[in-house]
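The block underneath contains the structure these notes are about, expressed in structure tokens.
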Amino acid sequence: MSATVSVFASPSSWIESGALDQCHQVAALPGMRHVAGMPDLHPGKGAPIGAAMTSSVLYPFLVGSDIGCGIAVFPIRLKRPVPEKLAARFPDLDVPDHSFFDEADVPAGWTDSLGTVGRGNHFAELARVGTVFDAEHAARLGLSAGDLVLIVHSGSRGLGERILRAHTEAHGAGPAADPQAYLAAHDDAVRWGSLNRRVMAARVADALGAAAEPPIVDECHNSVEVRDGLYLHRKGAARGDGRDVLVAGTRGTPSFLVAAHAGAEAGFSVAHGAGRKMSRADALRRGKVKHTVEELRRTAVGSVVVCGDRQLLFEEAPGAYKRIEQVIGDLVTHGLATRVVSTVPLVTYKTAGVPPIASRRRSGRGPQSLATTP
DNA sequence: ATGTAC
């Protein structure tokens, strides 16, 4: 007997068949009760990304390695936000800076890489509030049009990876043998991820000459919680039960802060972002034909993308993702969320550095050959 | 996604 599967996307929204297959594979796992697919649903490693999965059994692989990964929004005040000038002042978020936290406060004592952004879809972004859709709700958050915010998307780095690996080495994709022990480690990673986002916000604010303010939104989207006696796993899905959530667009399109009010069929969850439309390999191959490095670093909305890794720049191109407006439209249409404000990027920090020499060689080309012509 | 994987 298989679990139920509900996907919250309109017929016109592109959902890869491989992701739907993964939803049904997960639904067939022992103990599984329900799988809710968000409109940003896309295939992941073994399990779909953009899904809330409820079962009587705790499966660590459904959370994945980046336990506690999430998105936080911090208000910030700056005098004249010129993207090029601010981009040059961003700190190097690839390397830690231990002066921004007290080691005694760090969950699991894992101080390594605290305050660093990581790779993949992670970023730290200075953005301005664009459209205000719900003025009353925005005012409660202290936001009005034109205000600046820092948006930080990152997770638990090596800590979460270590927790999943410890489980996988003994039990593979099987259930947690000791759910309480896994949950304790998981909760550390969730706290660590949140602290990581705060440390990064403090670093960026300091470098830009502004004061660090507490986050007005901070929701993780890789986690598991006990709810009504069942395990509710979220992979690329944010808590949607009365929470405010920043649903990330792309590096070159707006994001949306929404008020989430998702019910049981949606796994009390909402989408976490635009969701990949293309695999990284496809995005790299097609992007190199379609885009120049310059247009990916200076986007259509006028923002600057700080990304020393050209391959990552193509993998993360806006065109590699679904349209965020459509994803948000699906959330609204299905009653999972309402729009509060949109945010428009000014500076998005991805990574200062280039990848290790070994991985560049494996791509078969030197960095110069990635240079594009108009 | 990841101090990656031999």
Side-chain angles (χ1 to χ4, degrees), chain A residues 18-19 22 40-51 59-72 92-98 106 108-124 152-169 172-173 185-186 188-190 192-194 196-197 199-200 219-224 233-238 248 250-251 271-276 278-284 307 309 311-316 320-321 349-364:
Chain A
Q22 287 183 334
D40 59 342
L41 188 73
H42 60 282
K45 201 169 102 183
I49 300 171
Y59 290 104
F61 89 98
L62 293 182
V63 178
S65 66
D66 197 3
I67 304 161
C69 184
I71 301 179
D92 183 347
L93 297 176
D94 298 327
V95 297
D97 182 339
H98 286 234
V106 180
W110 182 268
T111 55
D112 287 7
S113 69
L114 183 57
T116 64
V117 65
R119 293 268 176 144
N121 59 358
H122 291 176
F123 62 84
V152 181
H153 176 192
S154 189
S156 57
R157 312 286 281 106
L159 176 60
E161 201 272 337
R162 188 183 66 161
I163 293 165
L164 180 65
R165 183 154 34 83
H167 168 81
T168 306
E169 280 171 357
H186 161 284
D188 272 342
V190 168
W192 199 100
S194 181
N196 191 33
R197 295 186 284 278
V199 170
M200 264 184 276
E219 289 297 330
C220 78
H221 47 239
N222 294 341
S223 66
V224 58
H233 312 75
R234 292 186 174 94
K235 177 66 176 173
T250 72
R251 277 18 76 211
H272 76 314
R276 293 201 75 83
M278 277 175 222
S279 68
R280 291 187 176 277
D282 284 348
L284 182 61
C307 185
D309 177 348
Q311 177 169 323
L312 184 61
L313 198 56
F314 286 113
E315 289 174 358
E316 292 288 307
Y321 285 84
Y349 183 99
K350 294 289 293 177
T351 177
V354 294
I357 306 263
S359 78
R360 275 186 291 173
R361 244 189 231 129
R362 226 188 352 271
S363 75

Exercise for the section: Apply side chain to side chain donor-acceptor pair (under 3.5 Å) to A/His153 and list each qualifying residue two or more places apart in sequence or on a separate chain. Expected result: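 If we apply the side chain to side chain donor-acceptor pair (under 3.5 Å) test to A/His153, skipping adjacent residues, the hits are A/His221.
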
Nearest-Å distance for atom pair [atom1]/[atom2], residues [X] and [N]:
| X | N | atom1 | atom2 | answer |
| --- | --- | --- | --- | --- |
| A/Arg280 | B/dT4 | CZ | P | 18 Å |
| A/Trp192 | B/dT2 | CH2 | P | 10 Å |
| A/His272 | B/dA1 | NE2 | P | 7 Å |
| A/Arg165 | B/dT4 | CZ | C1' | 9 Å |
| A/Glu316 | B/dA1 | CD | P | 7 Å |
| A/Glu315 | B/dT2 | CD | C1' | 14 Å |
| A/Glu169 | B/dT4 | CD | C1' | 13 Å |

Exercise for the section: Would you mind reporting whether A/Ile163 and A/His186 have side-chain heavy atoms less than 4.5 Å apart? Expected result: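 A side-chain contact under 4.5 Å is absent here.
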
Exercise for the section: Kindly indicate whether the side chain of A/Leu114, heavy atoms from C-beta on, has any atom under 4.5 Å from the side chain of A/Asn196. Expected result: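 The answer is yes; the side chains approach within 4.5 Å.
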
Exercise for the section: Establish, with yes or no, whether the OP1 or OP2 oxygen of B/dT4 is under 4.0 angstrom from a side-chain nitrogen or oxygen of A/Arg119. Expected result: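 Answer is no, no contact under 4.0 Å.
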
Practice task
Look at A/Arg157 and B/dT2 and indicate whether a side-chain polar atom (N or O) is within less than 4.0 Å of OP1 or OP2.
Solution key: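 Yes.
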
Practice task
Scan A/Gly120 against the nucleic acid and name what it touches under 4.0 Å (heavy atoms): base, sugar-phosphate only, or nothing.
Solution key: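 Sugar-phosphate: the residue A/Gly120, judged by heavy atoms under 4.0 Å, touches backbone atoms but no base.
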
Practice task
Using a 4.0 Å heavy-atom cut-off across all strands, classify A/Gly160 as base, sugar-phosphate, or nothing.
Solution key: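 Here A/Gly160 touches no strand at all.
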
Problem - Any residue meeting side chain to side chain contact (heavy atoms under 4.5 Å, CB included) with A/Ser65, in chain and number order, not counting sequence neighbours - result: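 Side chain to side chain contact (heavy atoms under 4.5 Å, CB included) list for A/Ser65, sorted by chain: A/Glu161, A/Leu164.
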
